[in-house]
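This report concerns only the one structure given below.
Order of listing sets the numbers, starting from 1, for every ligand and every atom in it. Small disclaimer: the values here were computed from a predicted structure and weren't measured.
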Amino acid sequence: MTSIAFIGLGHMGGPMAVNLTKAGYAVTGFDLMPAALDAAAALGVAVSSTAAEAVDGADIVITMLPAGRHVLQAYGELLAAAKPGTIFIDSSTIAVDDARAAHDLAIAAGHRNLDAPVSGGVVGAEAGTLAFMVGGSDEDFAETLPVFEAMGKRIVHCGGSGLGQAAKICNNMILGATMIAVSEAFVLGEKLGLEHQALYDVAAHASGQCWALTTNCPVPGPVPASPANRDYQPGFAGALMAKDLGLAAQAFESTGVHSEIGMLASAIYTRFAEGDGAGLDFSGIIGDIRTRSETKDAA
Ligand code: NAD
């Protein structure tokens, strides 16, 4: 039986480890937080009190950690403790450069490595319906596909090392920028006397159609399941959008790509997350646009 060490049992990693256990893998979980260990154990995941113990003898080591620095730091101990040829999968959302650095560390230590960030949020992690964007070799991807399928529904091999992270930040840059555009359009419609539903009925069936409008609509009403209908409870939190756009901004800078919209979207969501928006769904940006528009009215 394939044995898997799962490092990082937080909002995402906890339910992902549970799904692997349910699929019949021999999973050993580890987290620095005792509460995360207890929660995973209560849901049937075997847990260990040290990282080294968790990876001892594992065929696959999955990390699901907050940011690149956590992954690179954790790899120091994990790579040394694992048996030769272990496949390391990092599913955290981190910079492309950090993913490639982690890959190089794993290879230098005699292991194999895939970057495999996800989308689908906590709901997708619990339901086993995550989308995985995978970077790494054809061989490592083919060997680990059943493991991804135990946690997700749509698994895309995006190319070599770092390209899973590249696909993730490119997609989320489109999402952040289109959500700002859709929100500005609704506030402009309000000022011009246009009903939300009328704008929706036109744009949802015209060239303004996009996921930010037709699935995550930032005004209540037209799409009953969107977070706007429940006071912008996430969903996908503003803090996570700010983080992902920051990674896109970092990549724009390191590659020298001329970006105006992506860089501006990053600045707008950083400001949103530093204000009241960190814990709101990212579509709550419409409230920020309205507030700033009122200030201009008064001036
Ligand atoms: P989280 O903060 O809930 O979980 C991270 C866990 O890692 C924590 O429990 C923390 O204690 C643990 N940890 C940190 N350093 C560790 C170490 N060295 N060893 C062991 N455990 C360690 O975060 P999350 O929401 O689960 O997100 C994890 C990753 O997934 C992030 O990179 C995030 O950007 C990405 N992501 C999150 C979502 C979401 O909706 N939450 C969606 C897509 C992607």
Separation of Glu294 CD from Lys191 NZ (nearest 0.5 Å): 6.5 Å
Given Ser283, which partner from the list Cys217, Pro234, Pro218 fulfils the side-chain contact (heavy atoms from CB on, under 4.5 Å) test? Pro218
Under a 4.0 Å N-O cut-off, is there an ion pair linking Arg292 with Asp288? yes
In a simple table, one pair per line, please give the protein and ligand 1 atom names for every N or O pair closer than 3.5 Å, along with the distance.
unit_1: ligand 1; atom_1: 3 (O); unit_2: His11; atom_2: N; d: 2.9
unit_1: ligand 1; atom_1: 3 (O); unit_2: His11; atom_2: ND1; d: 2.7
unit_1: ligand 1; atom_1: 9 (O); unit_2: Asp31; atom_2: OD1; d: 3.3
unit_1: ligand 1; atom_1: 9 (O); unit_2: Asp31; atom_2: OD2; d: 2.7
unit_1: ligand 1; atom_1: 11 (O); unit_2: Asp31; atom_2: OD1; d: 2.7
unit_1: ligand 1; atom_1: 21 (N); unit_2: Leu32; atom_2: N; d: 3.4
unit_1: ligand 1; atom_1: 26 (O); unit_2: His11; atom_2: N; d: 3.3
unit_1: ligand 1; atom_1: 26 (O); unit_2: Met12; atom_2: N; d: 2.9
unit_1: ligand 1; atom_1: 32 (O); unit_2: Leu65; atom_2: O; d: 3.0
unit_1: ligand 1; atom_1: 32 (O); unit_2: Pro66; atom_2: O; d: 3.0
unit_1: ligand 1; atom_1: 32 (O); unit_2: Thr93; atom_2: N; d: 3.0
unit_1: ligand 1; atom_1: 32 (O); unit_2: Lys243; atom_2: NZ; d: 2.9
unit_1: ligand 1; atom_1: 34 (O); unit_2: Lys243; atom_2: NZ; d: 2.8

Heavy-atom side-chain proximity of Ile174 to Trp211 below 4.5 angstrom: no
Has Ile261 got more than 12 heavy atoms of other residues, nucleotides or ligands less than 6.0 Å from its CD1? no
Of Val118, Leu9, Ile89, Ile7, the residue whose pairing with Met64 passes side-chain contact (heavy atoms from CB on, under 4.5 Å): Val118
